[in-house]
Amino acid sequence: MKAAIVLFPGSNREGDAFRALKQAGADASIVWHDDHDLPAKTDLVVLPGGFSYGDYLRCGAIAGRAKIMDAVRAHAARGGFVLGICNGFQILCESGLLPGVLMRNRDLRFVCKRQFLRVERNDTVFTSAYKKHQAIDVAIAHGEGNYEAHEETIRELEDQGRVAFRYCNADAVVGGAANPNGSTNDIAGIYSEKLNVLGMMPHPENLIDPLVGGIDGRGLFASLVAA
Amino acid sequence: MKARVTVTLKTGVLDPQGKAIEGALHSLGIEGVASVRQGKVFDIEVVGDDAEAAKAALAAASEKLLANTVVENYRVEIL
């Protein structure tokens, strides 16, 4: 598994993504956003978390139009894997690789805490190491994670099984107080039509080491490396 | 030539910032405020004096970057 992590000005989780991929056994490298091409034979592109371009205009808006994104779009069109985490998810939505938009959290607060997610399906390249409907304990850190889209888009995502993760409690009960940002249908992550692009607000790359209190994030990277 | 692009949230899109501003105006005792929606204004200096061409260019700019048309509307004016 050859992974390329795209670094934008203002990204700050590229090191975490790099460590998680390395730990899982991937051959990872960091690519500058102004490059035109991805490294040859890239299997997976990761858009890491952070505050690309200072969140100016809209979160992910300027990064979504960076040169390298043409190469990322071509990679995705070829069936290559793309993972956008947090700001990376916002960039995927702004670049048109995923539908919808991440709006300001319902209560206007930046939320930074541990968060359980329910794995909606485990038959994708991103989640095969998890059990279906397993509650995984990861982290969230965002001010704009409230997923919204046209009603018909939400219906399409639901009908096609493209919701990857939902916010839940430790018992895998979705929604209610477990939804940290007001996201529609408690959506924490979604897939593209062909299930090769995943965007998610939470940070699995931060829970890969018992030293920080949990390793539930490992499954996502293990799944990718096994793909 | 001066132009202005105004970007506003579409009707029905939740605007928590607008709501917070609305609450602050009420707490300041400013009367008659029914509701607030927050948007963005871009003041743009355009080269040349072809108003129609400038409008078309700024509409393209709005579609491509200035507005996210999933949740936002935009308006282009030549001032």
Side-chain angles (χ1 to χ4, degrees), chain A residues 52-67 69-70 73 87 89-111 142-157 179-187 190 199, chain B residues 2-30 33-47 54-79:
Chain A
S52 58
Y53 296 91
D55 280 349
Y56 290 172
L57 190 60
R58 298 176 305 275
C59 300
I62 297 177
R65 287 147 183 90
K67 272 186 203 160
M69 289 308 292
D70 288 331
R73 267 185 283 269
N87 188 224
F89 184 14
Q90 295 164 340
I91 294 169
L92 287 175
C93 287
E94 280 285 348
S95 70
L97 274 161
L98 290 175
V101 58
L102 281 314
M103 302 288 287
R104 181 61 66 93
N105 293 348
R106 179 183 40 195
D107 66 0
L108 292 171
R109 291 203 180 93
F110 189 97
V111 283
H142 60 250
E144 285 85 5
N146 177 358
Y147 183 77
E148 290 193 21
H150 290 308
E151 236 170 89
E152 60 266 34
T153 306
I154 297 286
R155 204 173 315 126
E156 234 175 73
L157 290 173
N179 182 332
N181 53 31
S183 190
T184 308
N185 292 8
D186 309 301
I187 290 172
I190 57 167
Chain B
K2 289 185 190 309
R4 177 169 288 173
V5 176
T6 309
V7 175
T8 50
L9 281 174
K10 288 183 176 172
T11 323
V13 174
L14 190 72
D15 178 16
Q17 292 177 92
K19 275 274 168 227
I21 294 164
E22 186 185 313
L25 290 175
H26 287 152
S27 70
L28 283 171
I30 292 169
V33 176
S35 73
V36 178
R37 306 278 285 166
Q38 186 184 286
K40 296 189 186 91
V41 169
F42 302 89
D43 283 333
I44 298 170
E45 189 70 45
V46 183
V47 178
K55 269 190 180 174
L58 291 176
S62 302
E63 290 283 340
K64 283 185 184 161
L65 179 66
L66 300 181
N68 181 329
T69 53
V70 176
V71 285
E72 293 172 326
N73 291 318
Y74 64 87
R75 193 175 68 233
V76 177
E77 298 164 274
I78 302 298
L79 302 176

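Please read all numbers here as calculations on a predicted model, not as lab measurements. Numbered from 1 within each chain, the chains take letters A, B, ... in sequence-line order.
Within 6.0 Å of atom OH in A:Tyr56, 12 or fewer heavy atoms from other residues, nucleotides or ligands are found, so the atom counts as exposed in its surroundings. Heavy atoms of other residues, nucleotides or ligands lying less than 6.0 angstrom from CZ of B:Arg37 number more than 12. More than 12 heavy atoms of other residues, nucleotides or ligands lie within 6.0 Å of NZ in B:Lys10, so this atom counts as buried by the packing criterion. Within a 6.0 Å radius of NZ in B:Lys55, no more than 12 heavy atoms belonging to other residues, nucleotides or ligands are found. Environment of CD in A:Glu152: crowded, with over 12 heavy atoms of neighbouring residues, nucleotides or ligands closer than 6.0 Å.
Contact annotation for B:Val71: only side-chain heavy atoms (C-beta onward) come within less than 4.5 Å of a heavy atom of chain A. At a 4.5 Å heavy-atom cutoff, the contact between B:Lys64 and chain A is made by backbone atoms alone. For A:Asp107, no part lies under 4.5 angstrom from a heavy atom of chain B.
The minimum heavy-atom distance between A:Glu148 and B:Val13, with the atom names listed, is OE1-CG1, 4.0 Å. Across every non-hydrogen atom of B:Leu14 and A:Asn146, the tightest pair is CD2-ND2, 4.5 Å. Taking each heavy atom of B:Leu9 and A:Met103 in turn, the nearest pair found is CD2-CE, 3.9 Å. Closest of all the heavy-atom pairs between A:Arg106 and B:Pro16 is O-CB, 3.7 Å. Closest non-hydrogen pair, A:Arg58 versus B:Leu66, comes out as NH1-O, 2.9 Å.
Put simply, of A:Glu94, A:Arg65, A:His150, the one with the most heavy-atom pairs under 4.5 Å next to chain B is A:Arg65.
If you take NZ on B:Lys19 and CG on A:Leu108, they are separated by 11.5 Å, rounding to the nearest 0.5 Å.
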